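All values below come from the heavy atoms of this structure, side chains included, with hydrogens, waters and symmetry mates left out. Computed from a prediction, not measured in an experiment: that's the story for all the values here.
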Amino acid sequence: ADTKNGTGLFSSNSIEIPEFKNELEAKQWLVKHGFSSPEVRYKLKDGIASGQVFDQEPATGEKVDPKDTKVILYVGALKDPRVVENYIGQ
């Protein structure tokens, strides 16, 4: 077993990425396992609830080193952030 990383927590530097269901769960898991904060990209998607993770990079099942990996979460948005209502003069 490779223990040269010095943490004593893992037999190697690689950790398998699980399938994340929601943003909060994903962030908690990532911090707990030594990853930096993920980049979160909010998008409207049919059938996807607000806060629900519908895609991720790296993909589920990939083995990565937390110190060298930037995680991107694609999360359902409440509504399209690009739509801005114009109430001027109303």
As an exercise, state the distance from CG of N13 to CG of D68, rounded to the nearest 0.5 Å. 8.0 Å
Could you pull out all residues at least two apart from P18 that satisfy side chain to side chain contact (heavy atoms under 4.5 Å, CB included)? F20, W29
Would you please name every residue forming a salt bridge (charged side-chain N to carboxylate O under 4.0 Å, His left out) with E57, sequence neighbours left out? none
Rounded to the nearest 0.5 Å, how far apart are OG1 of T69 and CD1 of I15? 9.0 Å
Nearest heavy-atom approach of P58 to V71 is CD-CG2, 4.0 Å
Under the salt bridge (charged side-chain N to carboxylate O under 4.0 Å, His left out) test, which residues partner K70, sequence neighbours left out? none
E16 meets the side chain to side chain contact (heavy atoms under 4.5 Å, CB included) criterion, sequence neighbours left out, with K63
For L24, what are the other residues in its hydrophobic cluster, where any two members join if their side-chain heavy atoms are less than 4.5 angstrom apart? none
Smallest heavy-atom separation, L44 atom then L78 atom, equals CD2-O, 4.1 Å
List the residues meeting side chain to side chain contact (heavy atoms under 4.5 Å, CB included) with T60, not counting sequence neighbours, and say none if there are none. E19, Q56
side-chain contact (heavy atoms from CB on, under 4.5 Å) assessment of V40 paired with K27: CA-CA 10 Å; V40 181; K27 286 180 175 179; 3.8 Å; yes
Please step through side-chain contact (heavy atoms from CB on, under 4.5 Å) for the pair K45 and Y74, ending with a clear verdict. CA-CA 10 Å; K45 194 163 173 77; Y74 297 89; over 6 Å; no
Go through the structure and list residues passing side chain to side chain contact (heavy atoms under 4.5 Å, CB included) with Q52, not counting sequence neighbours. I48, A49
Please check if I72 and F54 belong to a single hydrophobic cluster, counting links between Ile, Leu, Val, Met, Phe, Trp and Tyr side chain heavy atoms closer than 4.5 Å. yes
Contact summary for V53 and L73, nearest pair of heavy atoms: CG1-CD2, 4.5 Å
Here the gap from H33 atom NE2 to Q28 atom CD, rounded to the nearest 0.5 Å, amounts to 12.0 Å
